[in-house]
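Naming: A, B, ... by sequence-line order, numbering from 1 per chain.
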Amino acid sequence: MAASGSGGSRADNGYGSQQPRRRKGPGALATAYLVIYNVVMTAGWLVIAVGLVRAYLAKGSYHSLYYSIEKPLKFFQTGALLEILHCAFGIVPSSVVLTAFQVMSRVFLTWAVTHSVKEVQSEDSVLLFVVAWTVTEIIRYSFYTFSLLNHLPYLIKWARYTLFIVLYPMGVSGELLTIYAALPFVRQSGLYSISLPNEYNFSFDYYTFLILVMISYIPIFPQLYFHMLHQRRKVLSHTEEHKKSE
Amino acid sequence: FVSYQVEILDWKTKKQLCFLDKVEPNATIREIRLMLHKLYPQWYPSRQSIKLDPKGKPLRDEEVLQQLPVGTTATLYFKDLGPQIGWTTVFLIEYTGPLFIYFLFYFRMPFVYGLDERFSSSPHPVVNLACICHSFHYIKRLIETIFVHRFSHGTMPLRNIVKNCLYYWGFAAWVAYYINHPLYTPPSYGKKQINFAVIMFLLCEAGNFSIHVALSDLQRNGSKTRKIPYPTKNPFTWLFFFVSCPNYTYEVGTWISFTIMTQCVPVGLFTLLCFIQMTIWAKDKHCTYLREFKDYPSLRMSIIPFLL
């Protein structure tokens with residue numbers, strides 16, 4: 001999900017008088033790299049999608065499909081960490097903090113919950129968020145690819161700014177249910193927890209931490225959701241006007 | 001003698017907020033702010049951002065109307081900065097909090113570690129020492145706020161105080177919880193580690209105070225022009241040879257020493273965050289100095305000698 005841009009260069013000479021703001025986009029090399037990156041990611045998530053379908057057809061049921069796409073899911077979701085660097089180096093005009101937050105939350109769910117608590121891997125909630133992520137990412141990465149090549153089909157733009165209406169709540173539900181399912185196992189095994197006394201004078205209760213993570217969805221999810229709705233109105237109505245004026 | 005006319009527009013809507021007739025050419029922005037305040041009493045001067053360009057930098061109080069690039073009919077833009085609070089007030093609230101919060105944990109109030117441990121005291125001398133050092137640090141900060149610091153900006157937005165207090169008060173509570181905990185483990189290298197930490201702590205506090213006094217002396221006559229700070233006879237200020245912001249260097253040193261003294265991970269995390277925040281501030285200050293002064297000493301780094 002694109003966040004607000006922060007890439008413009010300053011043209012301030014004291015009294016802020018009019019000098020046109022030159023927006024530094026990525027150079028030719030960076031653009032080529034980004035196109036390759038986005039194509040690879042699109043392909044990767046397509047692989048996951050195909051893997052899910054094939055596993056479903058082979059097994060005859062939609063339970064426990066996680067195992068068949070575990071490796072590509074981990075690889076491509078973790079690969080998204082590169083996007084933080086893209087923002088940090090300025091080749092993508094998004095906020096580093098926002099991107100880091102979004103990617104880290106995905107990586108957290110992939111590794112610190114689903115991978116670490118083996119008992120939840122057979123839960124249906126995992127399928128719920130994996131499907132949501134897969135469809136979202138295929139559309140998102142192809143959107144970026146086409147945008148970089150200056151040839152964005154309206155269908156992709158529409159899909160990106162419309163399907164989230166269903167996919168986003170679907171993904172969030174899957175994520176929350178998975179964390180909730182993991183709780184008893186974390187409590188039992190004391191996973192990632194440290195208690196007093198110890199020579200570092202530190203304690204950490206992963207169980208409580210997971211509960212706090214779940215609670216944090218309450219303020220964060222509506223904000224992101226309504227932001228996307230607002231973006232949708234802006235982006236899609238703008239295109240409508242363009243079409244009408246032709 | 002030509003009198004000016006000044007119209008003030010809202011920076012976003014461009015709606016005309018007021019039209020001032022017969023304004024003196026040597027009127028300052030401060031006077032214009034007062035005139036706007038008379039018409040809109042809810043917008044006291046420190047809340048007003050007055051600019052020449054809707055997206056430009058705000059004009060300073062001292063700027064004179066006829067020296068600005070405007071005709072005899074000037075168009076200025078107004079932006080409401082929101083409710084403001086004085087810097088001194090902010091610092092007093094920010095620093096008093098940690099002082100008292102730490103005591104809640106040190107004296108083991110019943111609601112902190114449970115009724116069994118209420119009002120008990122720790123068998124470890126380092127816990128008492130840590131309380132003295134922590135309190136000393138914040139009392140020193142309060143004294144500096146009242147008697148030493150001279151602030152270039154009078155105010156900051158009110159919402160900042162919520163953010164800042166959550167940070168300072170929250171960390172004070174978190175850190176105090178572990179140091180004063182009944183299951184606290186004293187440092188691995190015992191007296192050696194603690195004594196070293198205490199000496200480092202005192203040196204850094206003295207250094208930090210020296211720098212604050214030196215910076216305050218620079219602005220003694222209330223002049224608003226910036227000057228390059230230089231080392232004085234006080235050896236603690238000799239750090240100015242190597243860094244632009246030795247006050248931040250010493251501050252980080254204080255917290256490192258406190259981490260060593262208590263051997264407590266949360267203190268270490270707080271130190272890390274302090275270091276990151278102060279490095280950002282130091283680099284910013286350093287860049288400002290480099291921009292404003294052509295003859296700025298080239299040996300100086302921003303916060304760590306020779307490195308950062």
Discussion item. Please check if the number of heavy atoms outside K192(B) that lie under 6.0 Å from its NZ is greater than 12.
Written reply: no
Discussion item. Taking 4.5 Å as the heavy-atom cut-off, does anything in residues 175-198 of chain A contact chain B, and if so which residues?
Written reply: L196(A), P197(A), N198(A)
Discussion item. Other residues, nucleotides and ligands only: do more than 12 of their heavy atoms fall within 6.0 Å of CZ on F196(B)?
Written reply: no
Worksheet item: For L212(A), does the CG atom sit with more than 12 other heavy atoms under 6.0 Å from it, leaving out its own atoms?
Response: yes
Discussion item. Are there residues of residues 166-189 of chain B whose heavy atoms fall under 4.5 Å of chain A's heavy atoms? If so, which?
Written reply: W174(B), Y178(B), H181(B), L183(B), Y184(B), T185(B), S188(B)
Worksheet item: Does anything in residues 127-138 of chain B pair up under side chain to side chain donor-acceptor pair (under 3.5 Å), and if so which pairs, sequence neighbours excluded?
Response: Y106(B)-N128(B), H137(B)-R141(B), H137(B)-E205(B), H137(B)-E251(B)
Worksheet item: Got more than 12 heavy atoms from elsewhere within 6.0 Å of NZ, K118(A)?
Response: yes
Discussion item. Could you report the tightest heavy-atom contact between N201(A) and T262(B), atom names first, then the distance?
Written reply: ND2-O, 3.5 Å
Worksheet item: Who are the salt bridge (charged side-chain N to carboxylate O under 4.0 Å, His left out) partners of R60(B), not counting sequence neighbours?
Response: E62(B)
Worksheet item: Is a side-chain donor or acceptor of Q263(B) paired with a backbone partner of Y200(A) at a separation under 3.5 angstrom?
Response: no
Worksheet item: Taking atom CE of M104(A) as the centre, does the number of heavy atoms from other residues, nucleotides or ligands within less than 6.0 Å exceed 12?
Response: no
